[in-house]
Amino acid sequence: MSKIALGRLAFTCLTCISLLLLTSNQMWSQSVDMAHHYALVTRLFDLGNVVAPDPSLGEMIFYPRLSHRIAAWLGTPFNSPIVGLQIAALSSMIAAWVGIVSMLASFGRHVRIRALIAFAVLLIANRIIFKLNIFGSELVDNYFFSQLFAQAGMLCVLAIALLLERCEIRRGYRYTFLIVAILVIEGAHLLPALELLVCMGVLVLSDLVDRWIGKRTASHAGFYTYLLLSGSVLLGTAAAVLVHPTFGAMRMISENNGDLTVNRFGSIMSLVLLAVLVIVSSMLLLIRWQTAPAAIRRDVLPLKYFGALGFAASILFLLQCLALRFGQGSEYACKKYAVALVTVLLVQVVLHFVARRAISLHATDSVIRFRSALGEILLPGIVIALACISVIPKKPALTTTELRKLETQTRQIAPLLTERNSTLPTIAVHLPTMSVLLDYMYTIAVFKAPRNDMIMHLLSNQGPKDFGKLAAIVTARDDAVYDDKACRLPFATADLVTIDAACHRQTQRAAASCRSDFDLTKPGAVDPSMLSGFSVVDESGTWTEGHDASFKCELPPSGTFKPTQVEIVTSAFVYGARQQRVTVSSNATSATQTVKFMRAGDVQTITLRLPESNSGWLTLDFALPDAISPKEVGMSIDDRRLGLLVRAIRFR
């Protein structure tokens with residue numbers, strides 16, 4: 001190995017380690033997918049396997065586990081599943097770009113620097129202007145941990161296969177390596193395994209074309225024998241992929257239609273056009289490689305491998321769209337190909353830019369080699385760093401430090417609650433981070449609460465609906481809503497306390513009585529179970545979120561305070577000339593009250609008469625047909641549909 005190659009390898013390793021250390025405390029996603037992946041990693045960390053049935057895992061109980069096993073193993077030295085998951089996720093992002101840059105760097109010396117510089121410029125332009133989703137964005141939006149892990153493996157395998165071909169290793173050894181890699185990667189995720197399978201098919205087809213062209217100097221029998229053998233190997237590998245347990249599991253999961261936003265490509269049709277463009281680009285690259293002079297083919301192998309990858313991602317995406325057309329799969333499953341399509345297209349733009357020079361035989365003079373030595377050492381590492389940094393938001397949504405701290409404390413409490421032998425679940429709510437995602441994550445991962453409607457309701461930021469179905473509540477010490485000091489259990493840490501749910505239910509029932517005043521400007525002043533369709537408490541009040549909301553309280557028994565009217569002190573979200581209408585009704589009377597807000601900041605008191613003879617639960621319903629988000633009107637990035645800002649509800 002030359003000094004330049006050793007220097008390049010050393011600097012690339014240093015870059016990767018630095019990236020891992022610099023990003024180790026940053027987590028950018030607040031997707032529910034992170035909670036589900038973390039729950040599976042936690043089970044494997046604690047038990048080494050998944051013990052069925054486990055209702056807290058849901059579909060993760062049959063999800064491919066290779067990436068999660070590695071994450072659990074990486075977390076062992078730190079005694080932390082979340083640290084293991086973070087290391088595995090960040091390493092996957094870095095490894096994906098190591099694979100891509102390694103293939104780009106395998107051009108001949110006269111083209112390598114030009115290709116890497118062009119790609120670096122394109123990455124910067126994407127960060128500033130295009131803002132397309134490329135590899136690594138899986139950890140920012142929907143937290144596709146397993147898919148990114150498998151994509152990274154697939155790209156590194158392609159880079160190794162390219163190196164093997166460049167070193168003129170025999171085809172049989174190269175294809176054996178690819179077959180083993182396909183089946184291993186499928187243990188993490190199906191999509192990249194299928195991409196690698198189709199890539200292998202393109203590589204085999206390329207070899208067949210070579211043999212067909214050279215048939216004049218070889219026997220026909222030898223060509224047809226190779227054709228039969230190659231076809232059998234591909235069909236056998238495809239059959240092995242189909243019978244692999246992952247195929248059936250991922251097929252079931254593909255029916256789920258989740259929310260997935262792709263920048264610049266919001267519709268399926270736009271992605272179809274993108275896939276067609278990538279197919280055309282890929283075919284041009286493959287033809288360029290196939291028709292290149294034999295003397296330089298080893299130096300332009302990236303044309304062949306990125307052409308194969310682009311063809312594979314595009315064809316599989318179009319097949320997924322075809323399946324959707326016939327009622328199989330979902331738009332969500334189709335859109336999961338978007339990151340690969342966009343990334344490959346960016347790489348292929350660079351390849352087309354350097355292709356003519358790459359195929360030229362007259363650009364290898366010693367002056368260029370001498371001046372490029374430093375660039376050859378530094379550029380691969382720099383491009384890897386640029387690629388990773390280009391997908392990372394400026395500010396993390398969460399930090400690994402705070403998640404690990406919560407993990408440690410919840411894992412201290414969980415075994416103590418298990419010893420109570422309660423058949424009812426425990427939930428975490430209003431943890432110190434005040435993140436509904438983390439409340440849900442630790443509820444299913446550490447306290448193993450089943451993923452039923454009651455637990456999923458935590459994600460709506462409105463707390464549990466029925467405390468009678470809970471054993472205990474783990475919450476932040478001195479939390480205004482849930483830390484009922486009279487109901488504390490003897491299981492606590494520095495930041496967390498455990499509340500007996502049955503005891504808290506009694507306190508909550510007393511607090512839900514229709515007393516004289518409810519102040520909606522103070523956290524904890526109104527029990528969350530009394531509100532529906534409301535957002536979190538602000539200093540100026542509590543916003544309704546959506547087109548419908550309600551407030552309920554229990555009327556006192558006869559002989560005590562009986563309100564005859566309710567007063568609701570409100571203002572509304574009004575932007576420009578757009579007015580805000582609200583209609584208030586009650587289950588206690590047929591009368592309604594409709595109010596219009598014409599100007600921002602106006603305060604109005606809505607009064608509704610109540611019959612004195614009423615008893616039981618009183619519900620106030622708010623209809624808000626003009627509710628709209630600040631994001632929709634270009635005011636801010638807040639995407640809540642705001643209508644009414646309720647400051648107080650008073651019974652008189």
Side-chain angles (χ1 to χ4, degrees), residues 23-46 50 54 56-61 63-72 74-75 78 80-94 96 133 135-152 188-189 253 256 258-261 332 335-336 339 391-393 395-408 410-411 427-429 431-449 451 455-456 458-461:
T23 57
S24 61
N25 199 37
Q26 300 179 31
M27 302 190 84
W28 310 285
S29 176
Q30 294 205 59
S31 166
V32 68
D33 290 330
M34 185 172 77
H36 296 158
H37 287 297
Y38 173 68
L40 181 52
V41 172
T42 301
R43 292 295 175 279
L44 296 172
F45 181 91
D46 290 335
V50 174
D54 189 338
S56 65
L57 290 181
E59 75 283 350
M60 302 304 290
I61 202 164
Y63 201 90
R65 298 173 193 168
L66 176 61
S67 58
H68 304 88
R69 288 188 183 280
I70 291 177
L74 289 172
F78 305 93
S80 171
I82 195 66
V83 171
L85 180 62
Q86 177 73 337
I87 294 173
L90 293 175
S91 299
S92 298
M93 176 180 68
I94 296 167
N133 295 120
F135 287 132
S137 60
E138 295 95 331
L139 301 182
V140 177
D141 300 319
N142 288 72
Y143 204 80
F144 294 149
F145 161 65
S146 292
Q147 181 173 326
L148 179 60
F149 179 95
Q151 290 279 20
H189 202 282
I253 293 173
N256 299 331
D259 181 28
L260 177 54
T261 302
Y332 183 74
K335 288 182 177 181
K336 293 185 83 171
V339 173
V391 300
I392 295 174
K395 294 183 179 180
L398 301 163
T399 67
T400 312
T401 300
E402 61 186 353
L403 266 65
R404 187 181 184 186
K405 185 177 181 181
L406 281 176
E407 176 186 73
T408 300
T410 53
R411 285 169 67 85
I427 65 164
V429 63
L431 294 175
T433 53
M434 291 303 290
S435 165
V436 293
L437 168 66
L438 298 188
D439 291 348
Y440 172 75
M441 186 169 87
Y442 291 110
T443 294
I444 64 170
V446 178
F447 298 113
K448 302 180 182 179
R451 280 170 53 183
I455 301 304
M456 296 300 291
L458 291 175
L459 294 170
S460 66
N461 199 27

Legend entry - Member of Thr433, Leu438, Asn25 meeting the side-chain contact (heavy atoms from CB on, under 4.5 Å) criterion with Glu402: Thr433
Inset, instruction - First locate atom CD1 of Ile70, then atom CG of Leu85, and finally report the distance between them rounded to the nearest 0.5 Å. - result: 12.5 Å
Inset, instruction - Quick one: pull up CD1 in Ile82 and OH in Tyr38 and give me the separation to the nearest 0.5 Å. - result: 5.5 Å
Inset, instruction - Specify the closest pair of heavy atoms between His189 and Ala150, including all atoms of both residues, with the distance to one decimal. - result: CB-CB, 3.6 Å
Legend entry - Any donor-acceptor N/O pair, Asp439 side chain to Leu431 backbone, under 3.5 Å: yes
Inset, instruction - Say whether, by atom type as modelled, one donor and one acceptor occur between the side chain of Glu138 and the main chain of Phe145 under 3.5 angstrom. - result: no
Inset, instruction - Decide yes or no for Tyr63 and His68: does some side-chain heavy atom of the first lie under 4.5 Å from some side-chain heavy atom of the second? - result: yes
Inset, instruction - Indicate the atoms forming the closest heavy-atom contact of Leu406 with Pro432, along with that distance. - result: CD2-CD, 3.6 Å
Legend entry - Closest non-hydrogen atom pair, Thr410 against Tyr442: OG1-CD2, 3.8 Å
Inset, instruction - Answer yes when Arg43 and Asp54 have at least one side-chain N-carboxylate O distance shorter than 4.0 Å, and no when they do not. - result: yes
Inset, instruction - Might you point out which heavy atoms bring Val32 and Leu459 nearest each other, and give the distance in Å? - result: CG2-CD1, 3.8 Å
Inset, instruction - State whether the side chain of Ser91 and the backbone N or O of Ala88 hold a donor-acceptor pair below 3.5 Å, judged by distance alone. - result: no
Legend entry - Whether Ser67 side chain and Ala188 backbone form a donor-acceptor pair below 3.5 Å: no
Legend entry - CZ on Phe149 to CG on Leu66, rounded to 0.5 Å: 5.0 Å
Inset, instruction - List the atom of Met27, the atom of Thr400, and the distance in Å for their closest heavy-atom pair. - result: CG-OG1, 3.8 Å
Inset, instruction - Using only heavy-atom distances, determine whether the side chains of Glu407 and Ser80 contain a donor-acceptor pair under 3.5 Å. - result: yes
Inset, instruction - Ignoring hydrogens and angles, tell me if any N or O in the side chain of Arg404 forms a donor-acceptor pair with the backbone of Phe78 under 3.5 Å. - result: yes
Inset, instruction - May I ask you to decide if Ala428's main-chain N or O and Thr443's side chain share a donor-acceptor pair within less than 3.5 Å? - result: yes
Legend entry - Leu398 and Met34, any side-chain heavy atoms less than 4.5 Å apart: yes
Legend entry - Gln151 side-chain N/O to Phe135 backbone N/O, donor-acceptor pair under 3.5 Å: no
Inset, instruction - Check Ser29 against Asp141 and note the closest heavy-atom contact, atom names and distance. - result: OG-O, 3.0 Å
